*Asks:* 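One structure is given below, represented as structure tokens, and several questions about it will come after.
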Amino acid sequence: MGRLTTFTASEHIRSGKLVQVLPDYKLPLQTMYAVFPERKHLPAKVRVFIDFILDKIGRDQPYWDAGIISQ
């Protein structure tokens with residue numbers, strides 16, 4: 001038995017190689033911060049990256065949990 005993130009284990013859970021044994025157990029939420037020097041002169045590529053991260057993992061359920069984790 002181990003505690004893996006669904007990001008690393010989702011492929012194996014979908015294939016049946018791994019099985020969730022405690023589906024009601026929830027890990028504590030983690031917070032991610034984007035730290036940059038100043039918003040006024042923020043380079044466009046930094047803004048695009050932040051928007052990308054928000055789109056991919058800034059939701060209630062990250063894309064890699066789709067189909068394996070019920071909310």
Side-chain angles (χ1 to χ4, degrees):
M1 184 183 300
R3 187 174 86 173
L4 301 172
T5 62
T6 54
F7 179 78
T8 14
S10 60
E11 179 183 332
H12 298 294
I13 294 170
R14 282 191 190 94
S15 73
K17 291 179 181 177
L18 289 176
V19 178
Q20 289 180 293
V21 293
L22 299 171
D24 294 332
Y25 177 76
K26 303 290 185 215
L27 292 173
L29 293 176
Q30 298 289 319
T31 304
M32 180 185 285
Y33 296 95
V35 180
F36 42 88
E38 188 177 341
R39 181 170 279 197
K40 186 176 179 181
H41 300 290
L42 187 67
K45 61 186 173 185
V46 174
R47 179 77 256 166
V48 169
F49 176 72
I50 292 170
D51 291 342
F52 172 79
I53 293 298
L54 285 171
D55 181 55
K56 291 298 180 186
I57 64 172
R59 304 180 197 139
D60 289 335
Q61 183 180 39
Y63 69 91
W64 58 82
D65 282 357
I68 60 169
I69 303 295
S70 60
Q71 288 196 343

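Note that this is a predicted model, so its numbers are computed, not measured. Only heavy atoms go into these numbers, but all of them, side chains included; no hydrogens, no water, no symmetry mates. Just so you know, residue 1 is the first one in the sequence shown, and it goes up from there.
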*Asks:* Under the side chain to side chain donor-acceptor pair (under 3.5 Å) test, which residues partner Arg14, sequence neighbours left out?
*Replies:* none

*Asks:* With sequence neighbours left out, write down each residue that passes side chain to side chain donor-acceptor pair (under 3.5 Å) with Ser15, or none if nothing qualifies.
*Replies:* none

*Asks:* Could you state the interatomic distance from OG1 (Thr8) to CG (Leu18), rounded to the nearest 0.5 Å?
*Replies:* 9.5 Å

*Asks:* Are Tyr25 and Val21 connected in the hydrophobic side-chain network, where two residues link if heavy atoms are under 4.5 Å apart?
*Replies:* yes

